[in-house]
Amino acid sequence: MGLDRSALLGAIERLHEKMPTHFDTLNAADGKLGDGDLGITMTRGMAEITAVRDDLPEDLGLAMLKCSQAFTKSSGSSYGTLMALGMMAIAKQIKGQTAVEPSELTALVAVARDQIQTRGKAEIGGKTVLDSLDAIAKQTMGMVDLEDIRTAAVVAVDEALAAFRDKPATMGRARMFGEKSIGLDDPGMLAMKFIVYAIAGRSV
Amino acid sequence: MGLDRSALLGAIERLHEKMPTHFDTLNAADGKLGDGDLGITMTRGMAEITAVRDDLPEDLGLAMLKCSQAFTKSSGSSYGTLMALGMMAIAKQIKGQTAVEPSELTALVAVARDQIQTRGKAEIGGKTVLDSLDAIAKQTMGMVDLEDIRTAAVVAVDEALAAFRDKPATMGRARMFGEKSIGLDDPGMLAMKFIVYAIAGRSV
Amino acid sequence: MKKILNSAADYVDEMLAGLVAAHPEYYRLHGDSGKVVARAREGTRGKVGIVTGGGSGHLPVFTGYVGGGLLDACAIGDVFSSPSAEQMADAIRSADQGAGVLRLYGNYGGDILNFDMAGDLVEFDEITCTTVLLTDDIASAPPEEHEKRRGVAGMVYAFKMAGAAAEDGRDLEAVTAIAQKAADSCRSIGVALSSCTVPQAGKPTFEIADDEIEMGMGIHGEPGIWRGKLRTADEIATEMMERLLADIPLAGGDRVSIMVNSLGATPPEELYILYNEVKAALEATGATIVMPLVGRYATSMEMAGVSFTLCKLDEELETLLTAPCDCAFWRV
Amino acid sequence: MKKILNSAADYVDEMLAGLVAAHPEYYRLHGDSGKVVARAREGTRGKVGIVTGGGSGHLPVFTGYVGGGLLDACAIGDVFSSPSAEQMADAIRSADQGAGVLRLYGNYGGDILNFDMAGDLVEFDEITCTTVLLTDDIASAPPEEHEKRRGVAGMVYAFKMAGAAAEDGRDLEAVTAIAQKAADSCRSIGVALSSCTVPQAGKPTFEIADDEIEMGMGIHGEPGIWRGKLRTADEIATEMMERLLADIPLAGGDRVSIMVNSLGATPPEELYILYNEVKAALEATGATIVMPLVGRYATSMEMAGVSFTLCKLDEELETLLTAPCDCAFWRV
Ligand SMILES: Nc1ncnc2c1ncn2[C@@H]1O[C@H](COP(=O)(O)OP(=O)(O)O)[C@@H](O)[C@H]1O
Ligand SMILES: Nc1ncnc2c1ncn2[C@@H]1O[C@H](COP(=O)(O)OP(=O)(O)O)[C@@H](O)[C@H]1O
Ligand SMILES: [Mg+2]
Ligand SMILES: [Mg+2]
Ligand SMILES: [Mg+2]
Ligand SMILES: [Mg+2]
């Protein structure tokens, strides 16, 4: 059973529906360690993707490319741009496919992670969204069953948040907060948790 | 027993000493019907007069002229300028005298009132300091005993405040408040009350 | 009181010291009072002088507009209070170049008393003075009593036009007539969102709820037309434009300038948002907008709010409005 | 949220619409995004283009500085957030006159990601791009890590100097070198008294007590060096000048410009009060002050507070600083 356009649309819909719930949470988390706009970024980005959802082609690569472009259409926030870079990397990888096997998912997450690292110049272990992606890639490695992958990804984002909560931030605006960032969730990692939960169809 | 330089100095000192007590009251009264600076005006004016008190000449006319100039030295608030105009009119009247009989006081208040009216272009009955001065002039008319005059003047400023409290303002910034000024004391009349009480040596 | 200052008593003196220190090419202090600002360079003999005066706390008004093609001198008082007659007399003396001096200022009781007294004082110097009062604030009195209205941001237009006429070499009578025409052509209205604090008072001049605005409020917190809930930019602009246009109707072919002015804290972003509706309202009358002024031209320190000033132009006023001028706050 | 707007979502679009409507002689919108502002008139063929970009809410930064002797185009994002790479690419395309384009902007992660991506995009158009990042905020990293510092008001000097060099006909390499020299010559520090509100967030970006200030706070509310009770103007200015001068020592004979900049709500009166001590501190080093800039040059909407930017000049930079420039917010 491969993942196809309708699976993508379902994931988009679930995440979009959750945005009102996450709006304040993400703004507040980003407010503590940055400029307080991450809820806005995610809400806008998902609204733009939702606006093009009916036009998404069957070709999953082209569909991801379109999502990537839509996500950054109106804003160039760090997170939005990093997400777009990741989606574009995935798009390149699956261009021409109308379905993706669950077993391919780990590699796609890894490809997104690597591209984000290349352009964002952050280190793995620096308490950014990279660490969430890295955790997902590692936890889901070798899995073939979609339900197993979902569970593992959800566990991964939660564990990553817990593992980095008490480390200091090193990148982006949060870096400025140094020691004060200890004990606080990285907003981008928190956003990735919400993304993964929604894609996996779990409620937060 | 005539009033002389030392009586003037005594009055100045009593009023100056009271300024910290009246500062907020006058600012607040003026704040409700104007720009809230009447406590500042009075405090500054009295500070400037106090600063020149040792240089005040025996000639009461010249002394009043000096007070008038000092009062407006640093500010040109309506009230300060009107007071200065009044003092200057009195100064003209008593130039060359080193003492003033109590029986002359009524005429001096009237002279100040008239000059203030000429330059300020307000009507008697318009709920301004003019009405306080007018009440004093009328209440003290014909009196010769200083203590009687003091009592009458104190009664006059109080009665004037009471009589005009429930009328609408017609001049200066307070005019703008129209009906809203009903029930509120005119700040300039209130200031005149404090002036008269201090000159008369009564506590408010 | 959250202000950056050293002492409330020195607020104005230190502000003026800093102003002339930062812009010695434009301003200098004249006389002993420390409260009279004149142009950096002596004026041209025979040019009509223009002076203004009023309370501090309104930069660029009043002092800021001393400069080429604008004012010659300004007497400045404490925050929101009139300078003294003696200071005004000093300003008049410094502005006089033998051709007389126009006193051009806002219709406030204290200022009138003092400028009148200053006129008495400079009579001894044989200086001829004329007076034009700004009465542009339509919220402060009905049209029938327009001579009772306060002067607000409209004075910027009057400074500019009279200043250009004086620079052009016109005589006192002509400059005064221009100033009067400019004053008669301006209508203003303001809306306040938050108060400011007079340093020496130490607390906000008025209280206003966190979700309230006051339409028609004066620049010193004088009461307005209504107080109510905050509305949208379009609603605010529409009401203000309706009120202005009711007071000075426009028709197709008219030429007007409009000032969208921040009272202080309101950022230019919000002024530009308002400008869309302002422009639409003006163009709906068929009038053409000339040289719109969007920015901080007349303020009340950190007060939040805006004022609009509509200035109806004829050919003469338009020429004078667009003529060059130069001060630290405005250059045309 | 006490702001004059119609809807938070339309804040920037309406602001830009108003800006170009009010000043069509300076600005026009370029491209489809509605978020790229270019000079009103097409540029001269062969002139090096200069573009910048960043979040809205800082007027006159960024958009305001598009103009003669300054920038050619600007991509502007939502309040406090980066424009998209596609918008930046549009700005670069509009600025290109065949002589290449300098990307001159502040050191913020999001802006860098997007300007890099924009560079990839315009490679297809065969436009050569260079980059200079502003890193003038000394509170944001120690001197050893100066490349990590944020860019703040220092960018105004860089825009001015690079802009003058480009207007002068210099090539991309030379203009880039000037911009880098300007960036290296600037040091800034800010102090915040109150927050501002990002329209879409709806509440103040940070909380600060009524009697507290934060030294070194960033223009988006990034944390500073200390938070404590409000001090006097002289104390604040002294500390800020000491910190700047520790980072960029001056000696007799040096020539410097200084910007005393309001973050938005702080009125010019307070800036001039501060300027007295700023001037004294600079002159105590033996340095000479050239063209001090006192006003609102880089803001955060209605935030109260000030920033100082010290710009050490050599002959070349001084000439470029004092060369003419012209936009709706600044004219030299
Ligand atoms: N260079 C980077 N590499 C990886 N992740 C980053 C980088 N910069 C920021 N992030 C992530 O983005 C999140 C902040 O996103 P966002 O709020 O959009 O930033 P900003 O508002 O500062 O542009 C951080 O919590 C972090 O997870
Ligand atoms: N034209 C006038 N004639 C008489 N009294 C006046 C006049 N204008 C103002 N006043 C008096 O002055 C008081 C206000 O003084 P002040 O606060 O100094 O005014 P402002 O601050 O508006 O200059 C009023 O309460 C009134 O008693
Ligand atoms: Mg953010
Ligand atoms: Mg008053
Ligand atoms: Mg007053
Ligand atoms: Mg952001």
Side-chain angles (χ1 to χ4, degrees), chain C residues 1-7 10-12 14-19 21-23 56-57 59-60 64 79 191 193-194 196 210-211 213 230 232-237 260 264-276 278-279 292-296 299-302 304-306 328-329 331, chain D residues 1-7 10-12 14-19 21-23 56-57 59-60 64 79 191 193-194 196 210-211 213 230 232-237 260 264-276 278-279 292-296 299-302 304-306 328-329 331:
Chain C
M1 174 177 52
K2 210 162 192 181
K3 283 174 176 288
I4 302 177
L5 47 73
N6 291 307
S7 90
D10 298 331
Y11 186 86
V12 172
E14 294 191 6
M15 178 272 281
L16 290 174
L19 178 80
H23 311 294
S56 289
L59 277 177
V79 174
V191 63
L193 274 69
S194 79
C196 57
D210 255 4
D211 59 350
I213 62 177
L230 178 62
T232 67
D234 283 352
E235 284 164 351
I236 292 170
V260 177
T266 294
E269 282 82 357
E270 297 177 29
L271 304 182
Y272 288 118
I273 289 173
L274 286 164
Y275 185 70
N276 296 302
V278 168
K279 181 169 183 267
L293 303 174
V294 182
R296 288 171 173 109
T299 67
S300 290
M301 295 179 294
E302 72 281 9
V306 295
F329 297 85
R331 203 183 290 180
Chain D
M1 173 176 52
K2 210 161 192 181
K3 285 175 175 287
I4 303 176
L5 47 74
N6 291 307
S7 91
D10 297 331
Y11 186 86
V12 173
E14 294 191 6
M15 178 272 281
L16 291 174
L19 178 81
H23 310 293
S56 289
L59 277 177
V79 174
V191 63
L193 274 70
S194 78
C196 57
D210 255 3
D211 60 350
I213 61 176
L230 177 62
T232 67
D234 283 352
E235 284 164 350
I236 291 170
V260 177
T266 295
E269 282 82 357
E270 297 177 29
L271 303 182
Y272 288 118
I273 289 173
L274 286 164
Y275 184 71
N276 295 302
V278 168
K279 182 168 182 266
L293 304 175
V294 182
R296 289 172 172 107
T299 66
S300 290
M301 293 179 294
E302 72 281 10
V306 295
F329 297 85
R331 202 183 293 180

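Values below: every heavy atom of this structure, side chains too, minus hydrogens, waters and symmetry copies. Here is the naming used below: chain letters follow the sequence lines, and residue numbers restart at 1 for every chain.
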Region of D/Tyr11 that comes under 4.5 Å of a non-hydrogen atom in chain C: both
Least distance between heavy atoms, D/Ala233 atom then C/Asn6 atom: N-OD1, 3.2 Å
Contacts of C/Asp10 that satisfy salt bridge (Lys or Arg N to Asp or Glu O under 4.0 Å) - sequence neighbours left out: none
Chain C contact via D/Leu193 - side chain, backbone, both or neither, heavy atoms under 4.5 Å: both
Region of C/Ile4 that comes under 4.5 Å of a non-hydrogen atom in chain D: both
Minimum heavy-atom distance C/Asn276-D/Glu14, with the two atoms named: ND2-O, 2.9 Å
Heavy-atom pair with the smallest gap, counting every atom of C/Lys279 and D/Ala21: CD-CB, 3.8 Å
Test log, rule side-chain contact (heavy atoms from CB on, under 4.5 Å), inputs D/His23 and C/Tyr272: CA-CA 10 Å; D/His23 310 293; C/Tyr272 288 118; 2.7 Å; yes
Shortest non-hydrogen contact between C/Leu230 and D/Lys3, atoms and distance: CD2-O, 3.6 Å
Atom group of C/Asp210 that falls short of 4.5 Å from chain D, counting heavy atoms: backbone
D/Ile236 portion near chain C, given a 4.5 angstrom heavy-atom threshold: side chain
Result of checking D/Leu19, D/Leu59, D/Thr299 against C/Pro268 for side chain to side chain contact (heavy atoms under 4.5 Å, CB included): D/Leu59
Chain C contact via D/Leu274 - which portion, at a heavy-atom distance below 4.5 Å: side chain
